Number of protein chains: 2
Amino acid sequence: MTAPRPPIAEKPGSARKAPRSRIQTRNRQIILDAALEVFSTHGFRGATLDQIAAQAGLSKPNLLYYFDSKDAIHQELLTRLLHTWLDPLRILDAQGDPQTEIMAYMRRKLQMSQDFPRESRLFANEILQGAPRMESFIRNDLRALVDEKARHLQAWADAGRIARIDPYHLIFSIWALTQHYADFAPQISMIRGEGHDPTDGAEVFLEHLYTRLLAP
Amino acid sequence: MTAPRPPIAEKPGSARKAPRSRIQTRNRQIILDAALEVFSTHGFRGATLDQIAAQAGLSKPNLLYYFDSKDAIHQELLTRLLHTWLDPLRILDAQGDPQTEIMAYMRRKLQMSQDFPRESRLFANEILQGAPRMESFIRNDLRALVDEKARHLQAWADAGRIARIDPYHLIFSIWALTQHYADFAPQISMIRGEGHDPTDGAEVFLEHLYTRLLAP
DNA sequence: AAGCTTCTTGACTGAATGGTCAAACTTGAT
DNA sequence: ATCAAGTTTGACCATTCAGTCAAGAAGCTT
């Protein structure tokens, strides 16, 4: 019944690894940057293509020349984000010194909150929505990594090298404390006065906190 | 030019303190409950009246019989939320025992995360959007309260009754840690397995943490 | 400069959205 | 039972939204 349709030249945004021209690389990046801004503040459903187009300084049809759909832009952002999201924890070394390692992990996460607040908000927005687009990532990749690192933390606690605390809650506490400085930055600014950087004093405080928490 | 328009009977949703029938009280509550569910997961712009109407089991025009607009529903939710949001901190007593007071504050906040996760997510969503609808609340009410309590904490620290830590970051840490269990509950569930309550073990962990952090 | 490809956009479409309205249905006081 | 007030909704409207398309503009290669 269905007539065999002739092969159609793929749009550059499409799946296949099409070689990308300078213009494509540049404009895709501009679009992703604009989309990150909009998605991270309004969530997926609250963001509009017109808004992203305006932010990017491109026309809406032009966005859809580079990406197949609103969904595709969002998906690309998430993919790129999740690819690097695990890195700070992955680096945590079971062979290293417990306090140094955990402290360094905390510092890496805090640094990410300072350097990539929009990515942090994008992630937060997804979780608030129930994480429908990240479920498999969290259930598989993230969970496996956390389980592994939690075993190391537990081993350190058992060996008396750090205090006897629940390793999962230790990890959650680092996520909570560091991401708070990115996700709740407006609140912090309004309370502390617009003068400060929201993270002013955070590193000192968190070092103090984890030094005391971890001491065996 | 404009003809003087006759006084119009106000809709029940309108501003003035109209006396409310049983049906009104009941349906307004049903609507607010449904709206809280929807707004807290999708944010203001991502939520639709149809979705709220479906959740409430009412027709869309019926929603707008009880509230003037989508905005009015959201505003009412925020007003109710902010009215009670400060209470746990307000109770903190400068005359009491420092450790007991701070610990009790942390426990009250954690309890609120368990009891009112949707309210917590609504708040988080607003902050992620830059807090446009809560700016004056944060800049005035919240800031004044935090400043006041921070002075008490500072006095305690100066008197050597708790450790010398930045009082603002101490408060932020309590917000971050307790709200994380509400706002990031899906992530926690997916990592720990659906069996647990996300807040399992949280109280013990946080008590341990603040005991060690606060000790002079 | 010619000719081909890549890029850009104005004008459009169908569906969704916030909101209106008049007519119909309930409720409660008499 | 009656009637006015309170409540509910189907049909509708203007706007916004994601996405399409054909035609034109800009790059690239020769």
Side-chain angles (χ1 to χ4, degrees), chain A residues 5-32 34-35 38-39 41-77 133, chain B residues 5-32 34-35 38-39 41-77 133:
Chain A
R5 61 191 104 108
I8 293 167
E10 288 175 48
K11 287 167 84 176
S14 295
R16 301 294 167 193
K17 47 191 169 185
R20 301 225 167 96
S21 71
R22 274 191 306 286
I23 297 183
Q24 280 194 34
T25 335
R26 178 176 132 271
N27 279 355
R28 282 177 64 94
Q29 195 49 52
I30 288 176
I31 292 167
L32 288 174
V38 177
F39 281 133
T41 52
H42 294 287
F44 179 75
R45 294 188 19 175
T48 73
L49 284 181
D50 292 286
Q51 223 185 331
I52 297 172
Q55 177 84 25
L58 299 173
S59 68
K60 183 168 57 166
N62 210 0
L63 292 201
L64 293 161
Y65 172 75
Y66 289 103
F67 292 91
D68 288 340
S69 62
K70 181 185 178 183
D71 243 286
I73 301 177
H74 190 259
Q75 194 53 57
E76 177 71 22
L77 279 176
R133 300 158 216 271
Chain B
R5 60 192 103 108
I8 293 167
E10 287 175 50
K11 289 166 81 175
S14 295
R16 302 294 166 190
K17 47 193 168 185
R20 302 229 167 93
S21 71
R22 273 192 307 288
I23 297 183
Q24 281 195 32
T25 334
R26 179 177 131 271
N27 279 356
R28 281 178 63 95
Q29 195 50 53
I30 288 175
I31 292 168
L32 287 173
V38 177
F39 282 133
T41 52
H42 291 106
F44 179 75
R45 293 188 19 177
T48 74
L49 285 180
D50 292 284
Q51 221 185 333
I52 297 172
Q55 176 83 25
L58 298 172
S59 68
K60 183 168 58 166
N62 210 359
L63 293 200
L64 294 160
Y65 172 75
Y66 289 104
F67 291 91
D68 288 340
S69 63
K70 182 185 177 183
D71 242 286
I73 301 177
H74 190 259
Q75 195 54 57
E76 176 72 21
L77 279 176
R133 298 157 219 269

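The chains referred to below are lettered A, B, ... by the order of the sequence lines, with proteins before strands, and numbering in each begins at 1. For the numbers below, each heavy atom of this structure counts, side chains included, while hydrogens, waters and symmetry mates do not. This structure is a prediction, so every number in the text was calculated from the model and none was measured.
Distances were taken from every side-chain heavy atom of B:Ser59 (C-beta onward) to each of D:dT9, C:dC7, C:dG18; the shortest belongs to D:dT9. Across D:dT20, C:dT8, D:dT8, the shortest atom-to-atom separation from the side chain of A:Ile23 is found for C:dT8. Picking from D:dA18, C:dT8, D:dT8 the nucleotide with the shortest atom distance to the side chain of A:Lys60 gives D:dA18. For A:Lys70, counting side-chain heavy atoms from C-beta on, the closest listed nucleotide (C:dG18, D:dA18, D:dT8) is D:dA18. The nucleotide whose nearest atom lies closest to any side-chain atom of A:Asn27 is, among C:dT8, C:dG19, D:dT8, C:dT8. The side chain of B:Asn62 approaches D:dT9 more closely than any other nucleotide in the set C:dG18, D:dT20, D:dT9. Checked against D:dG10, D:dC28, C:dG10, the side chain of B:Pro61 finds its nearest nucleotide in D:dG10.
Rounded to whole Å, atom C1' of D:dT15 lies 16 Å from atom CD of A:Gln51. Atom pair B:Arg28:CZ and D:dG6:P shows a separation of 15 Å (rounding to whole Å applied). Taking atom CG of A:Leu64 as the reference point, atom P of D:dC17 lies 14 Å away to the nearest angstrom. Taking atom OH of B:Tyr66 as the reference point, atom P of C:dT20 lies 17 Å away to the nearest angstrom. Nucleotide D:dG10 holds its C1' atom 16 Å from the CG atom of B:Leu58, rounded to whole Å. A:Phe67 has its CZ atom 19 Å from the C1' atom of D:dT20, to the nearest Å. B:Asp50 places its CG atom 11 Å from the P atom of C:dG19, with the value rounded to the nearest Å. Here the P atom of nucleotide C:dG18 and the OH atom of B:Tyr65 are 22 Å apart, to the nearest Å.
Contact between the side-chain N/O atoms of A:Gln24 and the OP1/OP2 oxygens of C:dC7 is found at a separation under 4.0 Å. Residue A:Arg22 places at least one side-chain N or O under 4.0 Å from the OP1 or OP2 atom of D:dC28.
Between B:Arg45 and A:Thr41, the closest side-chain pair of non-hydrogen atoms is not below 4.5 Å. The shortest distance between side-chain heavy atoms of B:Ile73 and B:Tyr66 does not fall below 4.5 Å. No side-chain heavy atom of A:Gln75 sits less than 4.5 Å from a side-chain heavy atom of A:Asp68.
A cation-pi arrangement is present between A:Lys70 and A:Phe44 under the rule of less than 6.0 angstrom and at most 45 degrees off the ring axis.
At a threshold of 4.0 angstrom between heavy atoms, the contacts of B:Ala47 are confined to the sugar-phosphate backbone, with no base atom among them. Among the heavy atoms of the strands, none lies under 4.0 Å from B:Arg26.
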Quick one, A:Ile30 with A:Arg26, criterion side-chain contact (heavy atoms from CB on, under 4.5 Å). Give me CA distance, side-chain angles, the key distance, then yes/no.
CA-CA 6 Å; A:Ile30 288 176; A:Arg26 178 176 132 271; 4.1 Å; yes
